[in-house]
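For reference, the structure discussed in these notes is given below.
Proteins get letters first, then strands, A, B, ... in listed order; numbering begins at 1 in each.
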Amino acid sequence: MTTTEIKYTQQNQTVSGKQPATVEVAVPLPLDTTFHYRVPEDLAPRIQPGVRVFVPFGRRKVTAYVLRFSTPPEGQQLKGLLDVLDPEPLWTEAELTFFQWIADYYLHPLGEVLKTALPTGINLQSRSSVDGEAVSGGKKVRHERVFSALPADAPVKLRGKGLDILAFLRQSGSVSSAELKVRFGECSPNLRRLVELGLVRMSEHEVYRDPFAGLSVTKDSPKPLTLHQQQALTTILTALDSRYFSPFLLHGITGSGKTEVYLQGIAHTLAAGRNALVLVPEISLTPQLVQRFRARFCDGIAVLHSALSDGERYDEWRRIRRGEVRIVIGARSAIFAPLERIGIIVVDEEHEASFKQSDGLRYNARDLALVRGQQEQAVVLLGSATPLITTRFAAQQGKLGYLSLPERVGNRPLPATSIINTRMTAESPLSPQLIEALADNLERGEQSLLFLNRRGFASWLVCPACGADLQCPNCSVSLTYHRQRRKSLCHYCDYQVPAPCICPSCGELELKEMGVGTERIEHELLEQFPGARIARMDSDTTSGKGGHARILDKVGRGEVDILVGTQMIAKGHDFPGVTLVGVLQAEGSLYLPDFRATERTFQVLSQVIGRAGRGELPGRVLLQAMTPDHYGIAYAADHDFERFYQEELLFRQELNYPPYGFLAAIKLSATSEKSLTSAAEQSAAVLRSIKSRLGLRVEILGPAPAPLYRLRGRFRQQILLKDSSRAALRRLLIAYRREQSLPATVRMAIDIDPVDLL
DNA sequence: AGCACGCCGACT
DNA sequence: GTCGGCGTGCTC
């Protein structure tokens, strides 16, 4: 990876004539180097750092990004640029510096980082065709036709629709073709005629595609704060006024009013002339949050998330770039938004794993928020009820300011939680206590939530005679049985087959259903409570646009008595009517082969527990677990983050896991097991040799004797690197990247995680 | 990533 | 005799 810093030599820009101007560019390809090109004289006036250019590259032509003017390297015949693709730079110097930092940190080619930072669809594809074809920016700006009346007398022959349109235009000034179409129906022939007659003028305007089109909000105003909110806000405002980089953990329990603190902090930032960036885990799951921002700030908000069309995303990006936006709200990729003068960055639910991008450029937006905040001298607010262990630790070390909201707004009590030990009573997935509680709630007309972190009907089908179960041919995991669809499918790769009726290997006539999923619970509830209105929310019932909203709205309107669901019921929406939360198999995610499994379990349990009693009525929680004493479960039930944190720290310290040590993973995958195994062994050998040569103490774990798993038809293997020094890890990784060359059939990715950025 | 060059197996 | 396999190397 190139580690050269981006520096601009503005003088070069004005130097003319003597030496041919040359530029250094990055190409969006997996290459560690940058390239230099000669700038033809006719293109020179349009070239600036931050614009895209079209360049000859080998036998191809590709889009490249101009980093800086350069002094031409010695004795090399440079090729000339073919074209300049942008009238304005796409990025400022500060942004390019940020992207260079990312490229260095994540060991990823700068050109690909820049490509990732751009809205999809803007990039001109590489072209191998030869002739000098016309080149545009590869983008699509939407134009709108606007008509207005000219002061001329209408000839008498004009009648009917044409005359009506003309009268309307005279009355209302400029009107868009879309509006005319709504009012008069198909009228382009009439309009063309009016233009020909010199009665009407047509012009084209650039318009933005508006994701909020047709959605209105009622304005609200700042709410009074609790004492803790006020204290947190005061600290934040002081930090904002200091104009120094000031990172904070805003640790607020569910219902403590973190959002109101964000809103008022942002209002202060805007008033001081700076802008705000808000990162949320899954914006499509939290339309409520966006609504609150719009209600408070009206216009000047851009939203960036995966549900936008390419056109909408591109338009939002342009609005931000042009400074027409003061607040950007978005999912992880919004950290790349071209927003200038950032005064505050909010990372809401900072513990969420969805801030991490797990293919291509493997970045974590939560981490990058700190980096960008540092570069912008901004306030960074990491908000969560269950912060990452790493974040809480950094706050304890004084690297982050610690702001605590330990009470719910309005002094609402936390739900009373009891744990039911199901070790001995495994025959029914719903314990008698839970059934009784559900019955009570139904009788009182209150709503209940049932959480189970597994979708499908039964987890799998087993033959009672021969013991065979159905496996995914790609992923080597048991297929999950979905009764409604009469299918067995793989939850990893979406492989599916019709559910078998008889055992495929021995012909036994009846297969046994093992394990439990949300679909099975729904079925069970329908039998137990025939009159109840039951809904299910998991990825099977929320497919398609607005799938989440459809179910959530029903619950919100009180049309559902019991909602069964996976993770996704734990997030986002408030249900003021929910007074009972039931958790099935609380330990469901506890024993995964991941050192963060306990942390994740604690987080999701805390979240789902926090869904109870958010309205007027108090809530209660019943938690079914086979290992109820496990600290990840017990402390979640007690709403005791601090005790959990202390315990988890001991475990991490013992094994030198984060925050006490640093981890990186070299992830390899291939279609053949054989080539993968040899590549992994070779990689480990290379790593060990570098390690001894450089005298590093890094722990090299793996590769495992056989490929770890198979996913989407590819075998996967990884080598873990662990050390108490991040610098040592990085030295090892950089040397490895330089020295290791893998066969083309093997793909490699490096995960650098977690981080200590402060 | 593409795209070429380059050296070994089954085919019109 | 050639078409084509994918290993290796390069792209200012």
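- Applying the salt bridge (charged side-chain N to carboxylate O under 4.0 Å, His left out) rule to A:D538 yields the partners A:R536; only residues at least two apart in sequence or on another chain are considered.
- For the pair A:L742 CG and B:dA1 C1', the computed distance is 16 Å after rounding to whole Å.
- Rounded to whole Å, the distance from NE2 on A:H108 to C1' on B:dA1 is 12 Å.
- With sequence neighbours excluded, the residues that form a salt bridge (charged side-chain N to carboxylate O under 4.0 Å, His left out) with A:R600 are A:D594.
- For the salt bridge (charged side-chain N to carboxylate O under 4.0 Å, His left out) test, no residue two or more places apart in sequence or in another chain qualifies with A:R730.
- A:E88 is linked by a salt bridge (charged side-chain N to carboxylate O under 4.0 Å, His left out) to nothing, counting only residues two or more places apart in sequence or in another chain.
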Are any protein N/O atoms closer than 3.5 Å to N/O atoms in nucleotides 7-11 of chain C? If there are, list each pair with its distance.
{"unit_1": "C:dT11", "atom_1": "O3'", "unit_2": "A:G58", "atom_2": "N", "d": "3.0"}

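- A:Y657 is linked by a ring-ring contact (aromatic ring centres under 6.0 Å, His included) to A:F595, counting only residues two or more places apart in sequence or in another chain.
- With rounding to whole Å, A:F69 atom CZ is found 17 Å from C:dC12 atom C1'.
- No hydrogens or angles considered: a donor-acceptor pair under 3.5 Å links the side chains of A:E350 and A:T391.
- If you measure from atom CG of A:D32 to atom C1' of C:dC12, you get 15 Å, rounded to the nearest angstrom.
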